[in-house]
Amino acid sequence: MIEFKNVSKVYQTKSAELTAVQDVSLKIKENEVFGIIGFSGAGKSTLVRMMNGLEIPTSGELIINGKRNDKLSKKELRQQRQKIGMIFQHFNLLWSRTVLENIMFPLELGKMTKSERIKKAKHLAELVGLEDRIDAYPAQLSGGQKQRVGIARALANDPAILISDEATSALDPQTTDEVLTLLANIKQKLKLTIVIITHEMHVIRRLADRVAIMEKGRVIEEGTVAKVFTQPEQELTRKFVNVETDTAPAEDVKHVISELLQKYPEGQLLQLKFHGDQVKMPIVSEMLHQFPDLQLSILQGSVHQLQNATGSIGSLFVQLIGNEKDIKAALEFLNTMRVETEVYKHE
Amino acid sequence: MNNQGLSTYFNFSSVDWNNMWSATWETLWITVISVILVTVFGLLLGLLLYETTGSHNIVVRGLNALVALFVNVFRSIPFIILIVLLLPVTQTLVGTQIGPKAALPSLVFSAAPFYARLVELAFHEVDGGVIEAAESMGADKWQLIYKVLIPESMPALTSGITVTAISLIGYTAMAGAIGAGGLGQLAYTDGFQAYNNAITFTATIIIVIIVFIFQFLGDLMVRRLDKR
């Protein structure tokens with residue numbers, strides 16, 4: 001278990017003090033995938049770099065498996081680091097080494113013989129699907145392949161903890177997806193705790209069990225991914241969730257809305273939000289059955305699957321046309337079905 | 001003897017080829033040995049400069065200032081003056097003040113600080129992210145140097161030593177003029193002082209060829225090493 005207890009990090013610059021991390025307390029359980037999301041400068045990188053001693057907290061305690069991590073000797077720290085794998089946004093591979101030699105790098109720091117190192121590295125290359133590129137140099141690889149090498153290298157010493165620092169931020173969407181799938185596989189195959197830093201909510205959705213949202217050095221919200229996605233408490237959390245689930249109408253939809261409002265001035269513009277099993281239920285058609293005089297026009301809709309099977313969320317923009325009484329009753333019906341509704345008024 | 005006219009350059013029948021080849025040989029071996037010594041001392045000095053830069057420790061900062069001063073002083077002294085200045089040092093180190101061996105200390109004192117600066121620059125150009133990655137994997141200082149810093153800066157270190165080697169060839173010629181042997185001495189004594197322009201000209205051509213060969217080999221190595 002990893003525990004941050006009131007951890008702060010203050011940088012002393014010539015003119016002022018800069019607080020990167022402020023009074024953070026977090027518990028990360030063994031073998032879970034813990035996501036930390038926030039914009040750049042929120043302090044998430046500084047926070048996780050304390051785990052492998054790349055940053056030292058100015059106050060507070062960091063306890064990993066019952067040991068004060070910020071009080072290790074140099075030698076203990078080096079041993080600890082060999083048990084914490086890390087992958088980076090810009091991969092940080094050695095250009096002078098081949099794929100296989102890069103994966104072997106962390107093994108060379110330990111006491112393994114050369115033949116053992118090669119065997120292990122080949123096995124890892126296979127794990128990340130690069131067995132036929134082991135003699136290539138990083139310059140000859142695509143971004144996704146480079147990150148695969150980074151992942152294999154991070155796993156070389158059988159780490160107990162894997163830190164992913166914006167590992168997909170420099171990749172295009174399709175490659176991001178490949179890398180996320182690989183990480184999801186690793187999570188299933190290997191027993192290890194994964195800590196993921198990102199500014200993209202879909203990364204959290206794909207991989208994480210729990211998530212913390214950071215802003216200005218503080219953790220402002222924390223909980224299971226399902227809970228944070230369905231009931232975001234903080235404004236920033238809502239922003240991240242909204243980007244991911246398209247709940248705010250896109251520009252072209254706004255255009256459609258204004259047209260529809262002009263065409264059917266009596267119509268009511270609604271956003272419906274479905275959580276969990278509601279996504280699978282025919283709530284809207286049930287509503288139309290009950291109020292046959294109502295007409296319904298769908299503007300935009302989406303359903304997103306969360307990491308665990310129970311969590312999915314849907315969002316639907318509709319226009320209801322009919323008399324006021326029916327609309328009001330329909331809204332009440334939706335309410336009893338526990339569908340969140342939001343009424344849109346066009347300015 | 002007639003020292004006038006451009007045709008004297010091409011009067012090759014007056015060249016003693018045995019002397020020419022032995023002088024060429026002297027120039028070559030003094031260059032190779034000084035390149036080796038400069039590589040070793042330059043790397044050490046450059047590493048010292050790199051490692052002590054930007055430290056918060058007052059002792060380390062003092063050391064950095066001291067090494068930087070040493071490097072800057074020896075880089076500032078014109079080579080021809082440095083040889084004369086270092087004559088007593090040369091006497092102590094190699095036991096003689098004349099001949100190719102006597103040129104070595106001044107060559108190393110002059111070129112090693114120059115190469116040290118190039119080494120420092122090359123190390124500073126290694127990607128900080130890669131160094132951080134190696135640290136995060138538990139590499140110690142020494143592993144960081146010989147597994148990351150040196151291999152990752154190898155092309156720059158190699159092109160640096162090529163440049164240094166070429167200026168060393170120039171220095172050996174200068175040292176030759178005050179008795180260190182080699183093509184420089186031959187061009188000065190048998191060419192200039194004996195009014196034999198063909199000897200000066202031939203020595204020049206051989207030196208130019210040596211420089212070209214060093215440059216070619218250096219470029220070839222850099223291309224081979226650079227996998228970026």
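Below, chain A is the first sequence line, B the second, and so on; all start at residue 1.
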Heavy-atom distances under 4.5 Å only: say whether A/Leu77 touches chain B with side chain, backbone, both or neither. neither
Are any of the side-chain heavy atoms of B/Phe109 and B/Leu86 separated by less than 4.5 Å? yes
Report yes if the side chains of B/Glu51 and B/Leu149 come closer than 4.5 Å at any heavy-atom pair, otherwise no. yes
Does the pair A/Tyr137 and A/Glu101 meet the rule for a side chain to side chain donor-acceptor pair (under 3.5 Å), with working shown? CA-CA 9 Å; A/Tyr137 284 91; A/Glu101 288 165 347; 5.0 Å; no
Side chain, backbone, both or neither: which part of B/Gln143 has an atom under 4.5 Å from a heavy atom of chain A? side chain
Regarding A/Glu116 and A/Thr113, do their side chains bring together a donor and an acceptor under 3.5 Å, going by distance alone? yes
Among A/Met86, A/Arg153, A/Lys74, A/Gln89, which residue has the highest count of heavy-atom pairs closer than 4.5 Å to chain B? A/Arg153
Side chain, backbone, both or neither of B/Val126 within contact of chain A (heavy atoms, under 4.5 Å): neither
Does some side-chain heavy atom of B/Leu82 sit less than 4.5 Å from a side-chain heavy atom of B/Phe74? yes
For residues 214-228 of chain B, give me every residue with a non-hydrogen atom less than 4.5 Å from any non-hydrogen atom of chain A. B/Leu225, B/Asp226, B/Lys227, B/Arg228
Is any side-chain heavy atom of A/Phe39 closer than 4.5 Å to a side-chain heavy atom of A/Met214? no
Side chain, backbone, both or neither: which part of A/Leu94 has a heavy atom under 4.5 Å from chain B? both
Polar contact flag, side-chain donor to acceptor under 3.5 angstrom, A/Thr193-A/Glu30: no
Would A/Glu61 and A/Lys71 count as a salt bridge (charged side-chain N to carboxylate O under 4.0 Å, His left out) if you check the C-alpha gap in whole Å, the side-chain angles of each, and the deciding distance to 0.1 Å? CA-CA 9 Å; A/Glu61 294 176 16; A/Lys71 290 270 153 73; over 6 Å; no
Are A/Asp70 and A/Lys5 close enough, and set up right, to give a salt bridge (charged side-chain N to carboxylate O under 4.0 Å, His left out), and what steps lead you there? CA-CA 12 Å; A/Asp70 49 320; A/Lys5 271 190 192 167; over 6 Å; no
Options A/Gln79, A/Lys75, A/His90, A/Glu108, ranked by heavy-atom pairs under 4.5 Å with chain B, top entry: A/Glu108
Among B/Ser136, B/Ala134, B/Gly129, single out the residue with the greatest number of heavy-atom pairs under 4.5 Å to chain A. B/Ser136
